[in-house]
Amino acid sequence: MLARIFFGISLLFSFSGFSQQASDYILQAQKLEVAKNEVAALDKYKQALLLEKNNLDALCGASLMCNRIGNRESDETKKKAFFRTAHIFAEEALKMNPKSSKANYVMAVAKGRIAMISGPKDKVAASRDIKKFADNAVRFDPSNAAAWHVLGKYNYEISNLNFAERGAAKILFGGLPPGDNHTAIQCYEKCKSLDANYISNLLDLAKSYVQEKQKEKARQLLNLALRLPDRQQDDVSLKMDCKKLLQELQ
């Protein structure tokens with residue numbers, strides 16, 4: 001299945017030698033991420049995988065780029081295709097190293113994206129996996145800030161499940177692993193202690209504080225997020241969400 005993903009770009013190499021190493025393409029992809037050009041970064045990760053199909057960094061990078069690009073897609077068919085591809089890359093990464101914090105993190109993200117577009121039954125199933133893989137990610141590397149953010153988001157979303165989703169969880173699985181907004185805050189705060197400039201985490205932490213009616217803390221976090229430089233392509237839209245929430249808190 002993974003081979004089919006690369007078929008579309010394999011012609012790029014039909015008339016040229018593989019003079020570059022996979023590591024060269026990964027470095028180029030990482031630079032493109034910093035430049036907030038994730039479509040081009042994804043292409044570089046794919047090129048790296050054509051040279052070294054089991055490269056863990058390339059698999060994880062490709063998975064994350066597919067999730068980010070897909071999340072911005074307005075076409076639902078394309079969105080789902082990106083999310084499915086992200087999941088495939090994450091599966092391959094886990095096969096390479098089941099104890100890799102990064103591989104478990106990208107799988108948690110892939111499961112989270114799938115949950116976003118799923119009905120109650122599939123959303124509940126994905127939620128259980130999100131926690132499992134995010135727990136693994138922080139267990140294998142407690143300094144993985146992004147994984148702590150995923151755990152925070154899991155707890156926040158569990159605390160806000162609707163009646164149908166909670167019913168599906170009880171019927172299908174006897175319930176879900178525990179999750180609440182207080183634990184979400186603890187996880188978000190842990191992420192913040194490891195990476196204070198993570199705009200998505202600051203926004204989500206602010207939302208959790210709003211739910212706890214701690215509006216001043218929320219306002220401080222949102223203002224901090226707005227002062228930070230953009231690091232990811234999504235940071236522009238995330239800052240718009242910060243401004244909107246700030247207005248609502250006035």
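Under the 4.0 Å criterion applied to side-chain N and carboxylate O atoms, R68 and E33 are assigned as salt-bridge partners. Ion pairing between a basic and an acidic side chain is recognised when a charged N comes within 4.0 Å of a carboxylate O; K217 and E212 show no such pairing.
The neighbour count for K80 NZ, taken as heavy atoms of other residues, nucleotides or ligands under 6.0 Å away, does not exceed 12. Counting non-hydrogen atoms of neighbouring residues, nucleotides and ligands closer than 6.0 angstrom, the CE atom of M116 exceeds 12 such neighbours. Counting non-hydrogen atoms of other residues, nucleotides and ligands closer than 6.0 Å to NZ of K36 gives a total above 12.
A heavy-atom distance below 4.5 Å is found between the side chains of I69 and L42. Within the 4.5 Å cutoff, no side-chain heavy atoms of V210 are placed close to those of E248. For the pair C187 and H149, the minimum side-chain heavy-atom distance is 4.5 Å or more. When side chains are defined from C-beta on, Q211 counts as touching Y156, because their heavy atoms get closer than 4.5 Å. Looking at I199 and L203, their side chains never come closer than 4.5 Å, going by heavy atoms from C-beta outward. Within the 4.5 Å cutoff, the side chain of S100 has no heavy atoms near those of the F140 side chain.
A pairwise comparison of heavy atoms in Y45 and D57 identifies CE2-O, 4.1 Å as the closest pair. Residues L245 and A206 share a closest heavy-atom pair of CD2-CB, 4.5 Å. Residue L56 comes nearest to A103 through the heavy atom pair CD1-CB, 4.2 Å, listed as atom of the first residue, atom of the second, then distance. Residues D234 and S237 come closest through the heavy atom pair O-OG, 2.9 Å. Closest approach of G112 and I130 over heavy atoms only: CA-CD1, 3.4 Å. Nearest heavy-atom pair across K192 and N201 is N-ND2, 3.6 Å.
Residue H87 forms a side chain to side chain donor-acceptor pair (under 3.5 Å) with just one option from K111, E92, R113, and that option is K111.
Under the 4.5 Å side-chain heavy-atom criterion for ILVMFWY residues, a single connected hydrophobic cluster contains both V109 and Y198. One hydrophobic cluster, built from ILVMFWY side chains closer than 4.5 Å, holds both V150 and Y154.
A distance of 7.0 Å separates CG in L59 from CG in N54, rounded to the nearest 0.5 Å. The distance from the NZ atom of K153 to the SG atom of C191 is 11.5 Å, given to the nearest 0.5 Å.
S101 and N104 share no donor-acceptor pair across their side chains, judged by distance under 3.5 Å alone. At a cut-off of 3.5 Å, with distance as the only test, no side-chain donor of D180 or S159 sits close to an acceptor on the other residue.
D235 pairs by the salt bridge (charged side-chain N to carboxylate O under 4.0 Å, His left out) definition with nothing, not counting sequence neighbours. Residues satisfying the ring pair (Phe, Tyr, Trp, His ring centres under 6.0 Å) test with F83, not counting sequence neighbours, are none.
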